[in-house]
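Only heavy atoms go into these numbers, but all of them, side chains included; no hydrogens, no water, no symmetry mates. When a ligand or atom number is given, it counts from 1 through the structure's own listing order.
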Amino acid sequence: MSASDAVTRKDDLRTGTPFWVRTPHSTVKARPRLDRDRFDVIVVGAGISGALVAEALTRQGRSVLIVDRRPPVRGSTPASTAMIQHEIDVPLTRLRRKIGKAKADAVWRRSVRAVDDLVDLAGRLKLDCRMRRKPTVFLAGDDMAARALRREAEARADIGIRADYLTRSELIDRFGMDRPAAILSQDSASANPAQLAAGLLRAALARDARLVSPVEITDMAELPGGIALATAAGQVLVAEHAVFCTGYEYLPPMKTASQRVVSTWALASRPLAGLLGWLLDTNVWEASDPYLYFRADESGRIIAGGEDEEASDANADPAKLARKARVIAGKLEALTGIRIGKPAYVWSAPFSVTDDGLPVIDRVPGYRRVLSVMGFGGNGITFSTIAAEIVAAEIAGRPDPDAALFRRR
Ligand SMILES: Cc1cc2nc3c(=O)[nH]c(=O)nc-3n(C[C@H](O)[C@H](O)[C@H](O)COP(=O)(O)OP(=O)(O)OC[C@H]3O[C@@H](n4cnc5c(N)ncnc54)[C@H](O)[C@@H]3O)c2cc1C
């Protein structure tokens, strides 16, 4: 094993300042060094995926070491706009065409359940993370017109997912937005993603977990009774299992042709007085490419994003960040009439997507004891919740019945 280069990809995960890093309790104090070198499970990555996995594993009574080369919760997680959606980027009707009806229906149902599970978990652990159940309005756009949205709403309703088709006049009456149609769905939520991840890490630490940072994993080797991970500092850590929750800095052997890294932009306004009541309680996104999405927090701050570009490094350009923020604010005003003025926070980031909109949750090729969680796509947090459930079941030796839906493909 070598202790030089990182075993995962490296990226500049954020440009600008996401609002959440300025909120209290958005990170956790980590230990600078280890007092022990053997654990049941080592979780690599202290973002929302690692936090959920560590919480699930310590709930099962396992000893867990969480390591990160950055401070905890300072990767992609604080860049998230944290609309916790059950709606997958690839609509149900299209996913059925891609992977077949039975699998697509199972994936969409599991996504609804995951949002429910995450909201319940945050409630049970009493996490102070502004978790709030919300409906979502999905607007017709250049990618899906009214007729396709009607079919989509019917397909969801047919499998028991709450989704109402809204005509143009219903949309204007209820939400004041003028589009040919929309789907109003229940079963989504929003939260402060950094406080959510930090709260989950704290819950794991209150059980049998350790969190050490900065620790960079540079290599790994399977032993007869475990897995050994080498750190950049030359230490060797041993566990029965390792779970890489390294977000867009994934392990190269997990890469497939269906994944790519794109660029995305986001902003948060100042708290706006007199914000329309419905907006405080609703997530909004649209079937357009590039798309706009937005929601508010409890202080009346609008958090909006979109304008994705295929280039993986476009997010690093500060001049583009200022331009994209103006475009997002302009689109928001054109749709809602709300003028946010100069945004209080603007940021950009790389963002990983897959052709079918699904995450990859699987064993790493060539390793029996190493799992990898890649919660790609616009509802990465929902996928991280599914991943924590699948990983915890796998390690407990009771595989999750839905695990095959999310394997590397
Ligand atoms: C602008 C933006 C908006 C988004 N909006 C939404 C949204 O509205 N809803 C939603 O559900 N999702 C959204 N997402 C997606 C969501 O934020 C991500 O899916 C999620 O944050 C990924 O979390 P993670 O824990 O997997 O990765 P991260 O938070 O990046 O954590 C991974 C950690 O692994 C560490 N690491 C990597 N390699 C190593 C190594 N070799 N050794 C040690 N540590 C290592 C990194 O330092 C990092 O801290 C958005 C993403 C972006 C960028």
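Under a 4.0 angstrom heavy-atom cut-off, Trp265 registers as lying outside contact with ligand 1.
Looking from atom 28 (P) of ligand 1 to the surrounding protein, the closest heavy atom is Ser76 N, 3.6 Å.
For ligand 1, the atoms closer than 4.0 angstrom to any heavy atom of Gly45 are 33 (C), 34 (O), 35 (C). Taking every heavy atom of Glu216 and a limit of under 4.0 angstrom, the matching atoms of ligand 1 come to 42 (N), 43 (C). For ligand 1, the atoms lying closer than 4.0 Å to a non-hydrogen atom of Asn379 are 10 (C), 11 (O). Which parts of ligand 1 touch Tyr293 is read off a 4.0 Å heavy-atom cut-off, strictly below it: atoms 3 (C). If you number the atoms of ligand 1 from 1 as listed, the ones under 4.0 Å from a heavy atom of Val215 come out as 42 (N), 43 (C). Interface atoms of ligand 1 facing Gly375, defined by a heavy-atom separation under 4.0 Å, are 19 (O). Atoms of ligand 1 found under 4.0 Å from any heavy atom of Val44, numbered from 1 in the order shown, are 40 (C), 42 (N), 43 (C), 44 (N).
Among the atoms of Ile48, some N or O lies under 3.5 angstrom from an N or O of ligand 1. Between Arg70 and ligand 1, a contact under 3.5 Å exists for at least one N or O pair. For Pro350, no nitrogen or oxygen atom sits less than 3.5 Å from a nitrogen or oxygen atom of ligand 1, counting backbone and side chain alike. Ligand 1 has an N or O atom lying under 3.5 Å from an N or O atom of Ile381, backbone or side chain. Checking only distances, Thr81 does come within under 3.5 Å of ligand 1, N or O to N or O. Among the atoms of Arg9, none of the N or O lies under 3.5 angstrom from an N or O of ligand 1. Geometrically, ligand 1 and Val67 share no nitrogen or oxygen pair separated by less than 3.5 Å. Every N/O-N/O distance between Val7 and ligand 1 stays at or above 3.5 Å. The N/O atoms of Asp68, backbone and side chain alike, include one that comes under 3.5 Å of an N/O atom in ligand 1. Considering both main-chain and side-chain atoms, Ala349 never comes within under 3.5 Å of ligand 1 through any nitrogen or oxygen pair.
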For this session: Dump the intermediate steps for side chain to side chain donor-acceptor pair (under 3.5 Å) on Glu87 and Trp285, then the final yes or no.
Result: CA-CA 10 Å; Glu87 291 181 295; Trp285 67 305; 2.9 Å; yes
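Residue pairs meeting the salt bridge (charged side-chain N to carboxylate O under 4.0 Å, His left out) criterion with at least one member in residues 342-353, sequence neighbours excluded, do not occur.
Using a cutoff of 4.0 Å between basic side-chain nitrogens and carboxylate oxygens, Arg162 and Asp187 are scored as salt-bridged. Looking at Arg339 and Glu333, a side-chain N of the basic residue comes within less than 4.0 Å of a carboxylate O on the acidic one, giving a salt bridge. Between Lys10 and Asp5 no salt bridge is recorded (no basic side-chain N to carboxylate O distance below 4.0 Å). The pair Arg70-Glu249 meets the salt-bridge criterion, since a charged nitrogen lies less than 4.0 angstrom from a carboxylate oxygen. Contact check on Asp362 versus Arg407 returns a salt bridge, with a Lys/Arg side-chain nitrogen under 4.0 Å from an Asp/Glu carboxylate oxygen. Residues Asp117 and Arg113 are paired through a salt bridge, judged by an N-O separation under 4.0 Å between the basic side chain and the carboxylate. Salt-bridge check for Arg132 with Glu298: failed, with every basic side-chain N at 4.0 Å or more from each acidic carboxylate O.
With sequence neighbours left out, Tyr367 forms a ring pair (Phe, Tyr, Trp, His ring centres under 6.0 Å) with no residue at all.
Considering only non-hydrogen atoms, atom 7 (C) of ligand 1 lies nearest to Ala82 out of Ala82, Ala189, Ser384, Gly305.
Stacking of Arg9 on the aromatic ring of Tyr248 is not recorded, the 6.0 Å distance cut-off and the 45° axial limit not both being met.
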